[in-house]
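Only heavy atoms go into these numbers, but all of them, side chains included; no hydrogens, no water, no symmetry mates. Just follow the structure's listing: the first ligand is 1, and inside any ligand the first atom is 1.
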Amino acid sequence: MGIVMGPNQYGKAEVRIVSVNRDTPRHTIKDLNVSSSLRGDLDGAHLTGDNSKVLPTDTQKNTVYAFAKEAPIGEIEDFALRLGRHFVGTADGITGARILIDEYSWERIPVGGTGHDHSFARSTDEKRTTAVTIDGDQAHVVSGLKDLIVLKSTGSEFWGYPKDKYTTLAETNDRILATAVTARWRYLHTDVDWGKSFESIRATMLEAFATTHSLALQQSLYEMGKAAMEKHPEVAEVRLSLPNKHHFLVDLEYCGLENNNEVFFAADRPYGLIEGVVKRDDVDEAPQAWYSLPQF
Ligand SMILES: O=c1[nH]c(=O)c2[nH]c(=O)[nH]c2[nH]1
């Protein structure tokens with residue numbers, strides 16, 4: 001019986017990079033948070049302190065910045081693929097890489113009716129995301145979004161659930177439904193117009209959220225994933241994590257007011273957390289390693 005080193009990866013987390021394209025006076029900006037993790041022949045590093053296969057995390061960070069200068073960043077998926085393939089293709093003993101990128105969105109500040117050339121405002125917490133896994137000569141892309149906050153002021157019910165002696169929740173056929181969408185979708189291949197696919201999947205999921213008369217957030221989750229996948233054959237599965245941002249009707253009877261689903265208390269915690277994978281029944285599951293560390 002012995003003790004061995006299990007799955008591992010290492011890299012630089014959260015390299016913040018803002019890149020300004022100054023080709024014309026009308027600047028464009030890319031604001032990214034990039035994390036790299038390398039995998040491979042790293043037993044020596046863990047077992048004996050042999051760093052001969054350990055490309056420093058500092059070098060990984062420098063590579064991110066240098067790549068942003070050497071060529072336009074482009075879509076985050078393409079930037080992540082370039083970085084991942086570079087590490088696996090050039091670093092001795094490194095056979096796999098994971099590159100995670102969050103992209104923050106900036107809008108031009110309107111001045112006199114048009115967007116300003118070089119002044120921007122960030123009006124939302126929403127992030128576009130990608131997670132690229134390079135495994136030898138294979139590349140896998142899981143893209144998505146985080147913190148897209150949505151709310152329906154009606155068109156949501158919740159009833160028909162089991163009751164026991166601890167149940168206090170009243171059944172309702174008219175409530176607020178609100179959530180902060182985290183979605184990740186797995187592409188079947190890399191021959192994709194990333195920007196177009198992202199915009200369409202986002203819009204499709206939003207439309208499904210809006211138009212589904214929801215009997216539970218679980219049902220909305222499925223309808224959102226299903227709608228995206230029906231339109232996008234390049235997607236194998238959609239994973240959704242949806243916190244149920246509860247809105248409780250305020251009891252105004254004490255002061256003689258009838259509250260007809262108009263005034264709510266927005267609770268920040270606790271929240272229900274509704275999560276699930278919507279997938280094609282004829283496509284194999286992705287290895288866990290495409291989502292996090294192998295076997296974690
Ligand atoms: O959409 C919902 N799903 C639940 O599982 C649940 N549980 C709960 O208390 N409220 C809700 N709402």
min-distance protein heavy atom vs atom 3 (N) of ligand 1 -> Gln218 OE1, 2.9 Å

Applying a heavy-atom cut-off of 4.0 Å, say which part of Leu177 lies close to ligand 1: side chain, backbone, both or neither.
neither

Within a distance under 4.0 Å of any heavy atom of Ala216, pick out the atoms of ligand 1 and give their elements.
1 (O)

Going by atom types only, do Asp50 and Thr48 share a side-chain donor-acceptor pair under 3.5 Å?
no

With the threshold set at 4.0 Å, does a side-chain nitrogen-carboxylate oxygen contact exist between Asp31 and Arg122?
yes

Glu157 touching ligand 1 at heavy-atom level, < 4.0 angstrom
no

Provide the number and element of each atom of ligand 1 under 4.0 Å from a heavy atom of Asn244.
1 (O), 2 (C), 11 (C), 12 (N)

Would you check the N or O atoms of His246, main chain and side chain alike, for any that come under 3.5 Å of an N or O of ligand 1?
no

Do any nitrogen or oxygen atoms of Phe158 come within less than 3.5 Å of a nitrogen or oxygen of ligand 1?
no

Euclidean distance, Arg82 CZ relative to Glu70 CD, rounded to 0.5 Å
9.5 Å

Hey, can you tell me if Trp290 and His140 have their rings parallel, tilted or perpendicular (30° and 60° cut-offs)?
parallel

State whether Arg175 and Glu157 are salt-bridged, where the test is any N-O pair (Lys NZ or Arg NE/NH1/NH2 against Asp/Glu carboxylate O) under 4.0 Å.
no

Under a 4.0 Å threshold between the charged nitrogen and the carboxylate oxygen, would Lys146 count as salt-bridged to Asp102?
yes

Minimum heavy-atom separation for Leu240 to Gly225, with atom names?
CD1-N, 3.9 Å

Identity and separation of the nearest protein heavy atom to atom 9 (O) of ligand 1:
Leu169 CD2, 3.5 Å

What residue and heavy atom of the protein are closest to atom 12 (N) of ligand 1, and at what distance?
Arg175 NH1, 3.0 Å

Enumerated ligand 1 atoms positioned under 4.0 Å from heavy atoms of Leu217:
1 (O), 2 (C)

